[in-house]
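To keep things clear, I will list the structure first and then write my remarks on it.
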Amino acid sequence: MSLRYLTAGESHGPALCAIAEGFPAGLTVDFAAVDQDLRRRQKGYGRGGRMQIETDAAQFLSGIRGHVTLGSPIAMVVWNKDHESWKELMSPAARGGPRFTRPRPGHADLAGLLKYGFDDARDVLERASARSTAATVALGALARQLLARFGVRVCSRVGAVGEIAAPRDTPPSDAELAAIEASDMHVEAEALAARWRGVVDRERARGGSIGGAVEVFATGLPVGLGSYVHPDRRLDSRLAGALCGIPAIRAVEIGAGTRVDLPGDQFHDPIYWTAERGYHRQTNRSGGLEGGVTTGAPLQLRAFMKPIPTMTTPLPTVDIATHEPAQARYERSDVCAVPAAAVVAEAVVAWELAAALLEKFGGDTVADVEKAIEAYVARLRPDAGR
Ligand code: EPS
């Protein structure tokens with residue numbers, strides 16, 4: 001059985017919940033590191049009022065004893081502090097009260113109202129809210145710790161905000177990573193961050209919102225995760241699907257995937273072999289994936305986030321109670337959540353990589369997984385008689 005998860009929870013309900021199933025026994029979990037990832041998700045220039053209210057932290061209910069995984073399902077809860085102020089609206093008494101009837105173009109509101117037969121968009125938006133990504137990040141934090149145990153590291157930076165894109169880059173160094181984590185724009189170059197803040201300020205002043213792009217990198221991956229033998233085993237399809245599962249992500253690029261201007265001889269990464277390094281490349285335009293399989297080079301992905309559809313200068317819509325033209329309702333929101341999306345993107349990538357790693361090397365214990373990886377790496381060594 002492979003690694004799997006479920007999340008549940010409404011934005012203003014009591015809590016967000018997550019269950020992770022399939023973790024091997026024997027992994028020491030650093031709870032503080034999980035909460036650190038949750039805090040990272042809350043940061044970023046352009047965030048709205050909700051992040052001033054919450055101090056997200058994960059409470060572990062099962063599957064771990066004395067910080068060590070038991071191999072049983074790991075249940076986690078992230079409590080919504082703001083629930084206190086929304087108890088009434090989230091209670092049965094709220095039925096029959098004021099309704100949210102002016103759906104926001106670009107949000108799940110109208111599709112959800114029609115699909116589930118509701119007459120109040122609150123019944124849709126509570127679950128469609130990107131608040132659910134707190135549960136995603138808690139799961140990703142666990143996956144990241146499993147990966148770290150085997151030398152795999154996942155990190156991210158913002159790659160664009162609005163019309164200003166950063167140059168394409170390679171995985172950040174340790175010093176750059178420290179600068180990225182210290183930046184409210186989740187980027188190492190302060191000059192770029194300043195320009196991006198200007199874009200966010202401009203949109204805030206216009207009553208608008210703005211999207212952008214995030215880059216996710218993973219280093220230390222062995223060659224051979226994922227498979228070309230069937231579409232749903234391709235790691236590229238699984239990573240793109242996972243990234244598009246994040247609210248507001250509309251496109252994913254793998255390596256230089258959108259560089260359709262490059263002919264084949266300039267796009268692909270020539271293969272070399274030396275006795276010291278074995279097979280290697282001098283370029284990584286594949287983004288670390290060929291045939292849906294990891295090449296052993298750093299994984300490089302870009303995910304593109306649309307502007308948040310909730311705006312103080314709302315778009316035209318229709319009131320579902322009257323069918324009269326109306327302006328979309330404004331709910332407290334963020335002007336820009338691209339830095340937070342980078343942290344969420346890291347989490348889903350970490351999860352998919354952990355799942356792929358366990359599929360290839362899985363065992364009941366972390367020690368079993370370690371032995372399987374060691375045997376495989378030994379088979380691939382340049383001096384292993386191949
Ligand atoms: C979010 C919590 C939400 C929003 C935001 C993300 O909380 P609230 O609705 O109480 O302000 O701030 O979600 C959206 C912008 C959206 O459209 O879903 C969070 O925890 O990240």
Side-chain angles (χ1 to χ4, degrees), residues 7-18 34-35 37-58 76-90 94 100 102-113 120-141 158 184 186 200 203-204 207-212 214 244-250 305-315 317 328-348:
T7 70
E10 275 70 44
S11 181
H12 303 103
L16 302 159
C17 321
V34 176
D35 291 346
D37 271 357
L38 289 169
R39 272 196 300 279
R40 292 172 66 227
R41 192 200 72 94
Q42 288 197 257
K43 291 192 331 187
Y45 193 79
R47 294 285 260 156
R50 179 73 182 269
M51 292 303 103
Q52 309 303 314
I53 298 167
E54 303 295 342
T55 326
D56 291 339
M76 294 176 275
V77 177
V78 178
W79 297 101
N80 287 324
K81 274 195 185 167
D82 203 23
H83 177 60
E84 210 43 46
S85 315
W86 288 71
K87 260 187 185 150
E88 214 171 301
L89 206 64
M90 297 302 285
F100 185 136
R102 290 175 283 126
R104 295 159 292 180
H107 213 284
D109 299 343
L110 184 59
L113 282 163
D120 181 353
R122 177 144 313 280
D123 290 332
V124 178
L125 68 94
E126 281 294 332
R127 180 62 183 158
S129 167
R131 178 81 191 130
S132 68
T133 59
T136 310
V137 166
L139 288 164
V158 169
D184 62 359
H186 203 67
V200 175
E203 290 309 317
R204 188 183 283 115
S209 62
I210 196 77
V214 303
C244 280
I246 301 170
I249 298 298
R250 304 310 302 259
M305 183 185 201
K306 69 182 178 182
I308 287 173
T310 314
M311 291 171 283
T312 52
T313 307
L315 285 173
T317 188
R329 178 170 155 154
Y330 178 72
E331 280 268 305
R332 176 180 61 192
S333 186
D334 309 314
V335 175
C336 174
V338 179
V343 178
V344 182
E346 274 179 40
V348 303

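Counting starts at 1 for both ligands and their atoms, following the listed order.
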*Ion pair present between Arg332 and Asp82, side-chain N to carboxylate O less than 4.0 angstrom?*
yes
*Pairing residues for Ala341 by the side chain to side chain contact (heavy atoms under 4.5 Å, CB included) criterion, not counting sequence neighbours*: Val214, Met305
*Compile the protein residues with any heavy atom at a distance under 4.0 Å from an atom of ligand 1; present them by chain, then by number.*
Ser11, His12, Arg41, Arg47, Arg50, Met51, His107, Ser129, Ala130, Arg131, Arg332, Ser333, Asp334
*Under the side chain to side chain donor-acceptor pair (under 3.5 Å) test, residues paired with Asp334 that sit two or more places apart*: Arg47
_Verdict with reasoning, Thr136 to Ile246, per side-chain contact (heavy atoms from CB on, under 4.5 Å)_ = CA-CA 9 Å; Thr136 310; Ile246 301 170; 5.7 Å; no
*So do His186 and Lys43 actually touch side chain to side chain, heavy atoms under 4.5 Å?*
no
*asked:* Applying salt bridge (charged side-chain N to carboxylate O under 4.0 Å, His left out), can you list everything that pairs with Asp109, at least two apart in sequence or on another chain?
replied: Arg104
